[in-house]
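Taking it in order: structure first as structure tokens, then the write-up.
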Amino acid sequence: MGNKRERFTQLRKQKGTQAKVAADNGISNVYLRMIENGTFTPGRDLMFRLAGYFDEPADSLFPDYFKKIDV
């Protein structure tokens, strides 16, 4: 199980319920909940659509996906 995406949750609550945000973005409540809880990372198109919806950089919404890896 992934880490809960706190910034995503904060912004989602400002927009409304999970049901509203899911409907606004054409996805199911379950899918949105999985994204918010960090158990699933959306595909590129949805990731950037959500970034636009929240007016927030994608790396802020999905820090677990964009974290730098030391090589």
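It should be emphasised that the depicted structure is a prediction, and the values quoted were computed from it without experimental measurement.
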remark   = Smallest heavy-atom separation, L50 atom then P42 atom, equals CD1-CG, 4.5 Å

Nearest heavy-atom neighbours spanning A51 and A58 = CB-N, 3.9 Å

ask   = Would D45 and R49 satisfy salt bridge (Lys or Arg N to Asp or Glu O under 4.0 Å), going step by step from the backbone distance to the final call?
value = CA-CA 6 Å; D45 292 346; R49 184 171 5 132; over 6 Å; no

request  = Just say parallel, tilted or perpendicular for the rings of F62 and F8, cut-offs at 30° and 60°.
outcome  = tilted

key: Candidate pair M47 and F66, rule side-chain contact (heavy atoms from CB on, under 4.5 Å), full reasoning   = CA-CA 12 Å; M47 185 181 295; F66 287 97; 3.6 Å; yes

request  = Indicate yes or no for a side-chain donor-acceptor contact from R5 to the backbone of I35 under 3.5 Å, with no hydrogens or angles considered.
outcome  = yes

task = Output yes when a side-chain donor or acceptor of R12 lies under 3.5 Å from a complementary backbone atom of G16, and no otherwise.
result = yes

task = For the residue pair T9 and N37, establish whether any side-chain heavy-atom pair is separated by less than 4.5 Å.
result = no

Spacing of [X] atom [atom1] and [Y] atom [atom2] [to the nearest 0.5 Å]:
X   : Y   : atom1 : atom2 : value
K20 : L32 : NZ    : CG    : 11.5 Å
E56 : L61 : CD    : CG    : 5.5 Å
R7  : E36 : CZ    : CD    : 13.0 Å

note = For T17, the side-chain hydrogen bond (donor to acceptor under 3.5 Å, both in side chains) test, sequence neighbours excluded, returns none

Worked verdict on T41 versus D64 for side-chain contact (heavy atoms from CB on, under 4.5 Å) = CA-CA 9 Å; T41 298; D64 52 309; 4.2 Å; yes

query = Do N25 and Y53 have side-chain atoms, one donor and one acceptor, less than 3.5 Å apart?
reply = no

ask   = Quick one: salt bridge (Lys or Arg N to Asp or Glu O under 4.0 Å) partners of E6, sequence neighbours excluded?
value = none

